[in-house]
Amino acid sequence: MKVAENQPLDRLNTFGISARAGILITIETEEDLLSVPGFDPARDFVLGGGSNVLFVTDVPGIVYLNRLSGIEIRRENPDEVLLEVGAGESWHELVAWSVARGFSGIENLALIPGLAGAAPLQNIGAYGVELASVLDSVTAWDWHTATWVVLSKQECLLGYRDSLFKAAQPDRYLITSTRLILKKHFTAQVAYSGLAAELEKSSPGGTSLADVFAAVIRLRRKKLPDPAVIGNAGSFFKNPLVPATLYQQLSDRFPALPSWDAGGAGIKVSAAWLIEHCDLKGFEMNGAAVSGQHALVLVNQGQCSGLAVWELAQLVQARVWDTFGVRLEPEPKIFRFAEVG
Ligand code: FAD
Ligand code: NAP
């Protein structure tokens, strides 16, 4: 465990927002958790790769930086392998490691930034696949009881960009490892729009695990703003899930609005389309902007503050609400310290 006072967080968040941690504690082994001070959600923060967080203020208390490593095969049979993955492992490196060994199921989730321990938080998803399709269980430190717990996939309450850790029990657990079940026999999942076409272009006639992995990487590099070039946290808003009655009204007024049936959860409508049709694509304010490349992504154009991004996000929410009557929900975790009293 490493402990350091008054540390910058600028390089620890992909928005590149300048913020500081009162104390930065780097968790390197599970035993480290036995001797840490505890967790106050108003003042403290658990940080992985910082690719889904917006620091609107400094973090006055402790930032727990998760760096728990290790990938182990716990069990295998001719069809499947059960992996235990330390929460501090890079998600993309884990995908590459799995593909290199012929283990499939997460190749469509290639190049998602961040660490494996944060993947259950919002049930990461891309190109038609979600973590839920491979997750077995999660091991976590319970701040309330100061013990470890093992939570089955069902107990993690995974939903669309959602989970127990995000909604029902936010700030209660520090995830220390995840168990994933991957397949040894590959079936390509390329129904998602654009993926089959990219696969055909990058590997004509190819449908191997490595081909799909490479196609996802190429597609992402083409379409998404790279945080190494311009600070961002990926999609800033979730695609809203609306009830059937509201969807009917919206589609009568706006027949071009893209939508997808989300089963019992309602109808998913395109947040990017709603933002673009409020004329906000490329809109700038105080150094923060709606990306001109991708309307769902808010960007730090250089040295903007976390507050500037947050004020822009609120403006986008208000415009979309006024125009369409739809509430956009931010996807990243927003940290804002409010002094009480
Ligand atoms: P952080 O940003 O560090 O933390 C995110 C949240 O998880 C915070 O609330 C934090 O407190 C909590 N947390 C982190 N680690 C732990 C832990 N060990 N225990 C408990 N809580 C923890 N997401 C997708 O779903 N699909 C995508 O395709 C996708 N593409 C992206 C593309 C770009 C360019 C960027 C910048 C982001 C993208 N994201 C995507 C969002 C983000 O990468 C994922 O949500 C990722 O899982 C976040 O991991 P992280 O380690 O960076 O988490
Ligand atoms: P895209 O393929 O241009 O699609 C735009 C939006 O339409 C996505 O948000 C996607 O929803 C939705 N969509 C498209 N086809 C769909 C289908 N067949 N069924 C259901 N929903 C569909 O998206 P993109 O921005 O280039 O991103 C590609 C993939 O990477 C998407 O899955 C996206 O979620 C993921 N991604 C996520 C983030 C993030 O920060 N969360 C950032 C970049 C990329 P979904 O978002 O539900 O897939």
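Every number for a ligand or one of its atoms is a count from 1 in the order of the listing.
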Mind listing the N or O contacts between ligand 2 and protein, cut-off under 3.5 Å?
from     : atom 1 : to     : atom 2 : distance (Å)
ligand 2 : 2 (O)  : Tyr192 : OH     : 2.9
ligand 2 : 3 (O)  : Lys223 : NZ     : 2.6
ligand 2 : 4 (O)  : Tyr192 : OH     : 3.2
ligand 2 : 9 (O)  : Asn239 : ND2    : 2.8
ligand 2 : 11 (O) : Asn239 : ND2    : 3.1
ligand 2 : 11 (O) : Lys268 : NZ     : 3.1
ligand 2 : 13 (N) : Tyr192 : OH     : 3.4
ligand 2 : 21 (N) : Lys268 : NZ     : 2.9
ligand 2 : 25 (O) : His294 : NE2    : 2.5
ligand 2 : 26 (O) : Lys223 : NZ     : 3.0
ligand 2 : 32 (O) : Tyr127 : N      : 3.0
ligand 2 : 32 (O) : Tyr192 : OH     : 3.4
ligand 2 : 34 (O) : Arg161 : NH2    : 2.6
ligand 2 : 40 (O) : Ser235 : N      : 2.8
ligand 2 : 40 (O) : Glu331 : OE2    : 3.3
ligand 2 : 41 (N) : Glu331 : OE1    : 3.2
ligand 2 : 41 (N) : Glu331 : OE2    : 2.8
ligand 2 : 46 (O) : Arg161 : NH2    : 3.1
ligand 2 : 46 (O) : Asn239 : ND2    : 3.4
ligand 2 : 47 (O) : Tyr160 : OH     : 3.4
ligand 2 : 47 (O) : Lys268 : NZ     : 2.4

Without placing hydrogens or testing angles, list every side-chain donor-acceptor pair under 3.5 Å for residues 290-302, not counting sequence neighbours.
from   : atom 1 : to     : atom 2 : distance (Å)
Ser291 : OG     : Gln293 : N      : 2.9
Ser291 : OG     : His294 : N      : 3.1
Gln293 : NE2    : Lys223 : O      : 3.1
His294 : ND1    : Leu296 : N      : 3.4
Asn300 : OD1    : Gly302 : N      : 2.9
Asn300 : OD1    : Cys304 : N      : 3.0
Asn300 : ND2    : Phe15  : O      : 3.0
Asn300 : ND2    : Gly16  : O      : 3.4
Asn300 : ND2    : Gly302 : O      : 3.4

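- Look at Lys183 and Asp79 and you find no salt bridge, because none of the NZ, NE, NH1 or NH2 atoms lies under 4.0 Å from a carboxylate O.
- Under the 6.0 Å cut-off for aromatic ring centres, Trp143 and Tyr64 qualify, their centroids lying closer than that.
- Residues Leu174 and Val138 are members of separate hydrophobic clusters, defined by side-chain heavy-atom contacts under 4.5 angstrom among Ile, Leu, Val, Met, Phe, Trp and Tyr.
- In this structure, CD1 on Ile23 lies 13.5 Å from CZ on Arg20, to the nearest 0.5 angstrom.
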If you look at each N/O of ligand 1, which protein N/O atoms lie under 3.5 Å away, and at what distance?
from     : atom 1 : to     : atom 2 : distance (Å)
ligand 1 : 2 (O)  : Ser51  : N      : 3.0
ligand 1 : 2 (O)  : Asn52  : N      : 2.7
ligand 1 : 3 (O)  : Gly48  : N      : 2.7
ligand 1 : 3 (O)  : Gly49  : N      : 3.3
ligand 1 : 3 (O)  : Gly50  : N      : 2.8
ligand 1 : 11 (O) : Val46  : O      : 2.6
ligand 1 : 18 (N) : Ile175 : O      : 3.0
ligand 1 : 19 (N) : Ile175 : N      : 2.8
ligand 1 : 23 (N) : Gln122 : NE2    : 3.0
ligand 1 : 25 (O) : Gln122 : NE2    : 2.9
ligand 1 : 25 (O) : Gly125 : N      : 3.1
ligand 1 : 26 (N) : Gly125 : O      : 2.8
ligand 1 : 28 (O) : Gly125 : O      : 3.4
ligand 1 : 28 (O) : Arg220 : NH1    : 2.9
ligand 1 : 28 (O) : Arg220 : NH2    : 3.2
ligand 1 : 30 (N) : Arg220 : NH2    : 2.7
ligand 1 : 43 (O) : Ser51  : OG     : 2.8
ligand 1 : 43 (O) : Pro113 : O      : 3.0
ligand 1 : 45 (O) : Asn52  : ND2    : 3.1
ligand 1 : 45 (O) : Gln122 : NE2    : 3.0
ligand 1 : 51 (O) : Gly49  : N      : 2.7
ligand 1 : 51 (O) : Leu115 : N      : 2.9
ligand 1 : 52 (O) : Gly49  : N      : 3.3
ligand 1 : 52 (O) : Gly50  : N      : 3.1
ligand 1 : 52 (O) : Ser51  : N      : 2.8
ligand 1 : 52 (O) : Ser51  : OG     : 2.6

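- Of the inter-residue distances, the one linking Leu94 atom CG with Ile106 atom CD1 reads 4.0 Å to the nearest 0.5 angstrom.
- A salt bridge between Asp171 and Lys333 is present, with a side-chain N of the basic residue lying under 4.0 Å from a carboxylate O of the acidic one.
- By the side chain to side chain contact (heavy atoms under 4.5 Å, CB included) test, Ser259 is found to be paired with Tyr247, Ile267, Val269, residues two or more places apart in sequence or in another chain being considered.
- A salt bridge is absent between Arg161 and Glu329: the closest approach of a Lys/Arg side-chain nitrogen to an acidic carboxylate oxygen does not fall below 4.0 angstrom.
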